[in-house]
Amino acid sequence: MAREIAKAYEPQQIESHWAEFWVKEALFRADVNAPGPVFSIVIPPPNVTGSLHIGHMLDHTEIDILTRWHRMRGFNTLYLPGMDHAAISTQRVVVRQLAEKGIDYRKLGREEFEKRVWQWKQESGGKITEQMRQIGESCDWSREKFTLSPELSRVVREVFVRLYEEGLIYRGHYMTTWCPVCRTVLSDLEVVHEERQGHLWHIRFPVVGTKEFLVVATTRPETMLGDTAVAVHPADERYKHLVGKKALLPLMNRKIPIIADEMVDREFGTGAVKITPAHDPNDFEAGRRHKLPEIDVMTDDGHMNGAAGAYAGLDRFEARKKIVEDLKAQGLLEKVSEHVHAIAICERSKTIVEPRASTQWFCKMKTLAEPAIAAVERGEIRMVPENRREEYFNWMRNIRDWTLSRQLWWGHRIPAWYCAEHKHVTVAREAPAKCSTCGSGDLTQDPDVLDTWFSSGLWPFSTLGWPEKTADYEKYYPTSLLITGYDILFFWVARMIMLGIHFTGKVPFRAVYLHSLVRTASGEKMSKSKGTGLDPVALNQQYGTDAMRFCLASMAAPGTDIVLTDDKLGSARNFANKIWNAARFLFLNLDKFAHGGTTLEELAAPEVRTKAPYGLNGTVPLIDAWLFARLAGTIETVNDALSNYRFHEAAQSVYQFFWGDFCDWYIEWVKPELQSVDRERAIVAWKNLFAAFDAALQLLHPFMPFLTEELWHQSPQRPGAKSIALDKFPEAQANWKNAGALEDFGLIQEVITALRNIRAEMKLDAKRKVAADCVVQNPYARDLIQANLEPIRHLATLSEFRFPSISLNPSVGVMRSTPFFELQIAFGEGVNKQAEIARLKKEIERLEKDIELKRERTQDQDFINKAPKHVVENLGIAMVERQIEQKKLKDRLAQLEKGS
RNA sequence: GGGCGACUAGCUCAGUUGGUUAGAGCGCUCCCCUCACACGGGAGAGGUCAAAGGUUCAAGUCCUUUGUCGCCCACCA
């Protein structure tokens, strides 16, 4: 039964096959009744508008690695998938699409528009979950959730009503931030600040009844149309005499009071400030203090409105230009100075936002924040990397009320109704029949929807059935872990903690791992909807999903951002190919070997030869004891690293084990043994090879699920098993640990490397077999080397490996030595003496410096007295070793020079 | 205006609690298409750990200052 196995790993077909298999077999469906400790994780719900971008790829890779790892270790595991309705960005997408078809969404009307969005969601909203299936995420698809589903909307209303009844949600008229492109109010978090070079316009306000001017400085001249006062500091001598008088607002010819207020900074600008209560947060407060009228001069889309007099209808920036021109023409522009200031920009539309007083729904955050701060302080939620804690505390301690309402159509409609007669508010879980205050039946629901993060804030418990005490909720809440990017720490993580504790009395997750962001080569953040990023789907096609996963994992050091490049993906792809080819070697040779009559099952039944303590008598070969000791160490490192979200360390460790240890040394070492005429011996070799390979596949599976699943199925073992994903993660056996074997094999490796080094430096033909001599003083080391004579000869391409009883004569060949052994290849084999002389000189000099440093230290009384004993001892030993080595080299050099 | 992080090999980055000779991948040099793999094998070169002080017997690692870069938070017109 000779097999056909491709020479290079071709991931495409294999991936789609197993992706389909995992979904079809519903392998990852969680069972509340299954045994084992619980590991539950909910996905950071991607936007329904989205397709898989590189940030998701990282998120999802990390989540899936940990999920698969836990599952294989016997945890009752749930990975719950889902999507976010993403109020503002979804609305933007659909509005744009309609506009492309020449349809104005406002003309459609709300009901029709919502219908179109749902329709759109039906058609293309599932893209990202489809991609998640393709990349093999081990989700429980039967539990998939959507934030705007009827089921979760119920939870949203429940929470809203409860918070309202507790007095934590209120409606009021305050200063808010308005985006003229999105045409909605935003929360603080949706606004980003950017330093820009701007201007400070100094404008003359004539003081009524005098010839004086009061000069005010502003960065936004267009807002002056809504000015209702000018303020100076009460103690400012320059202006004291003007307080109480009126100023004439230029262009509008409105008389406005000159007031005194402590808020004014005498040092800034002219020390006089125009007050625009409707368009500036400070001015809003001042307006309240001084009972000033509030004049909103803008429309929802950033044009000047009817209150703006002659400027009505102009775009806000057009209006600014015109106003400046007009002021100049009237001689009222004192001067213009350069001014650097931070301007506020809508995170989504990138337009400059406007401070604007409006009536909105808010949530009081202080009371919610306190227990959320405490939970992290007490360590009930572990935050990784830890330095993010400070950021979290800082934000939470200075938290401000959350603007909940949005002037959008797509989202959770606010469950508040107003009666026609008195505008009484009725907040209810379901549409009420009459006003709760006056009993009127003429009710209208609030047109606004909730900030999309309101429903995402409930995600860990809303998805598990809360407020009902469902089996899922009881079993899987609190979730074990949250993995997401640090860019949404405040948007999402903090709010989940606050709302989770408030409503369930428990933290929503035991740990938060905030991962790195993936950046472009130029260091720019690749984020949702930006379009700057690499396309992971295309890259997965090109390199393989496993390679992508492994690449991301191996770069995902906590706290550092990732720059993904082709060469890195390429090397991960090479690793996948290496694994594939190691398997190919196993399978092809196994087939050949099996013709001898031994069944595959027999060969594959693991029988690790490390049960007895390994020794030189041959009962347990050194190579096996060494490999399984390395395996044990690798398992330990991987487990430890993954427990601490150190993906890069886990990946690196398994990479080194597979490539460096298993392929480069173990396979090469046992190759001759596998073909041995001694069939018993060969069978045992095969069993060990398989046992190690099997463990390696399991170890690799969380990182590279497709490749390992494929190879696991191609392996001849375990009849009846369904998937490696349900197999066990390898556990290090107690008798695998073997410090002696590690050390002893290390010596053998040194011998082989030293021999190869001579060959390479002396430019010997790589294929030419040469004779070498070896002198070992230490009897144990000599026995060890002699016991492994055959493999050494094979791996170092030697014709003969001799152990002369007399010491070696440096004048007859090139040598290498360590404290344990001396090796020599004679000049007759074609080596260059002069090159060796030069090398020796350099080496002696290097040792000289090293010895000198060590000598100084060993003579330092402070060091001897204060450093730990073992450090002092080790240093002494090291120095003596160096001295001996140097002496040898000097002798050798002397003899070589004498001979030449 | 506050707060945080980074600076280690040509490039991209690791480096847990301070302790012999600071690691990896890619790139580079030399040799090899050996019957798993050239997406490979073997052997190498390459670093005064941004700078200056300090603590310590001992500093890439701890402290201070400086420089360069990046990020977050912040209602100064």
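Atoms considered below: every heavy atom in the structure, side chains included; atoms not considered: hydrogens, waters and symmetry mates. Order of the sequence lines fixes the chain letters, A, B, ..., with proteins taken first and strands second; residue numbering starts at 1 for each chain.
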Is the shortest distance from a Lys or Arg side-chain nitrogen in A:Arg388 or A:Glu391 to a carboxylate oxygen in the other one below 4.0 Å?
yes
P spacing across the pair B:rU68 / B:rC57, given as an integer number of angstrom:
35 Å
For A:Thr545, give me all partners under side-chain hydrogen bond (donor to acceptor under 3.5 Å, both in side chains), at least two apart in sequence or on another chain.
A:Glu15
If you check the A:Arg584 side chain, which of B:rC30, B:rC37, B:rG25 turns out closest?
B:rC37
The side chain of A:Cys663 is closest to which nucleotide in this list: B:rA36, B:rC57, B:rA77?
B:rA36
Base, sugar-phosphate, or nothing for A:Asp860, non-hydrogen atoms under 4.0 angstrom?
sugar-phosphate
Let's see if you can work this out: which of B:rA77, B:rA36, B:rA14 has an atom nearest to the side-chain heavy atoms of A:Thr219?
B:rA77
Checking A:Leu200 against A:Val336 for the side chain to side chain contact (heavy atoms under 4.5 Å, CB included) test, could you report, in this order, the C-alpha distance in whole Å, the side-chain angles of both residues, the deciding distance, and whether it holds?
CA-CA 6 Å; A:Leu200 200 53; A:Val336 186; over 6 Å; no
NA contact type, A:Lys849, heavy-atom cut-off 4.0 Å: base, sugar-phosphate, or nothing?
nothing
Counting Watson-Crick and G-U wobble pairs with both distances under 3.5 Å, what is the dot-bracket string for RNA chain B, 5' to 3', using [ ] for crossing pairs and | for pairs to another strand?
(((((((..((((.....[...)))).(((((.......))))).....(((((..]....))))))))))))....
Could you tell me whether A:Lys7 contacts a base, only the sugar-phosphate backbone, or nothing, with contacts defined as non-hydrogen atoms closer than 4.0 Å?
sugar-phosphate
Closest to the A:Ala766 side chain: B:rC39, B:rA36, B:rC31?
B:rC31
Quickly work out the A:Glu194 CD to B:rC71 P distance and round it to whole Å.
10 Å
For A:Glu391 and B:rG2, what is the distance between atoms CD and P respectively, to the nearest whole Å?
18 Å
I want to check something: taking the side chain as every heavy atom from C-beta on, are A:Arg857 and A:Val872 in contact at a cut-off of under 4.5 Å?
no
Using a cut-off of 4.0 Å on non-hydrogen atoms, how would the nucleic acid contact of A:His202 be classed: base, sugar-phosphate, or nothing?
nothing
Kindly assign one of parallel, tilted or perpendicular to the pair A:Phe693 and A:Phe658, based on the angle between their ring planes and the thresholds 30° and 60°.
tilted
Between CD of A:Gln652 and C1' of B:rA24 the distance, given in whole Å, is 5 Å
Starting the side chain at C-beta, find the nucleotide from B:rG41, B:rA74, B:rC76 nearest to A:Arg400.
B:rA74
Rounded to whole Å, the CZ-P distance (A:Phe490 to B:rC73) equals 6 Å
Give one of base, sugar-phosphate or nothing for A:Trp659, where a contact means two heavy atoms less than 4.0 Å apart.
sugar-phosphate
Looking at B:rA36, B:rA14, B:rC57, which one has an atom nearest to any side-chain atom of A:Glu668?
B:rA36
Carefully, step by step, assess A:Asn644 and A:Val384 under the rule side chain to side chain contact (heavy atoms under 4.5 Å, CB included).
CA-CA 8 Å; A:Asn644 292 294; A:Val384 182; over 6 Å; no
Return the value, rounded to whole Å, for the distance between atom CG of A:Asn865 and atom P of B:rG19.
21 Å
Assign A:Asn757 to base, sugar-phosphate, or nothing according to its heavy-atom contacts below 4.0 angstrom with the strands shown.
sugar-phosphate
Suppose we screen for side chain to side chain contact (heavy atoms under 4.5 Å, CB included). Which residues come up paired with A:Glu267, at least two apart in sequence or across chains?
A:Asp265
Hey, is the side chain of A:Thr753 poking within less than 4.0 Å of OP1 or OP2 on B:rA43, counting only N and O atoms?
yes
Contact class for A:Asn644 (heavy atom, under 4.0 Å): base, sugar-phosphate, or nothing?
nothing
Whole angstrom value for the distance that separates C1' of B:rG3 from CG of A:Leu489
14 Å
For A:Arg756, report the nucleic acid contact type (base, sugar-phosphate, nothing); a contact means any heavy atom under 4.0 Å.
sugar-phosphate
By nearest atom, which of the nucleotides B:rA36, B:rC75, B:rA77 is closest to the A:Phe268 side chain?
B:rA77
A:Arg220 near the nucleic acid: base, sugar-phosphate alone, or nothing, with a heavy-atom cut-off under 4.0 Å?
nothing
Just call it for A:Arg882: base, sugar-phosphate, or nothing, with non-hydrogen atoms closer than 4.0 Å on any strand.
base
Rounded to whole angstrom units, what separation is found between the CG atom of A:Asp280 and the P atom of B:rC76?
10 Å
Under the side chain to side chain contact (heavy atoms under 4.5 Å, CB included) criterion, do A:Trp492 and A:Asp487 qualify, and how do the steps go?
CA-CA 9 Å; A:Trp492 191 44; A:Asp487 53 335; over 6 Å; no
Take atom CE of A:Met555 and atom C1' of B:rC26, then tell me their distance rounded to the nearest Å.
12 Å
Considering only side-chain heavy atoms of A:Asn577, which listed nucleotide, B:rG15, B:rC26, B:rC37, is closest?
B:rC37
Just wondering, are more than 12 heavy atoms of other shown residues or ligands nearer than 6.0 Å to CD in A:Gln12?
yes
Identify whether any heavy atom of A:Asp283 sits under 4.0 Å from a base atom; if not, whether one sits that close to sugar-phosphate; answer base, sugar-phosphate or nothing.
nothing
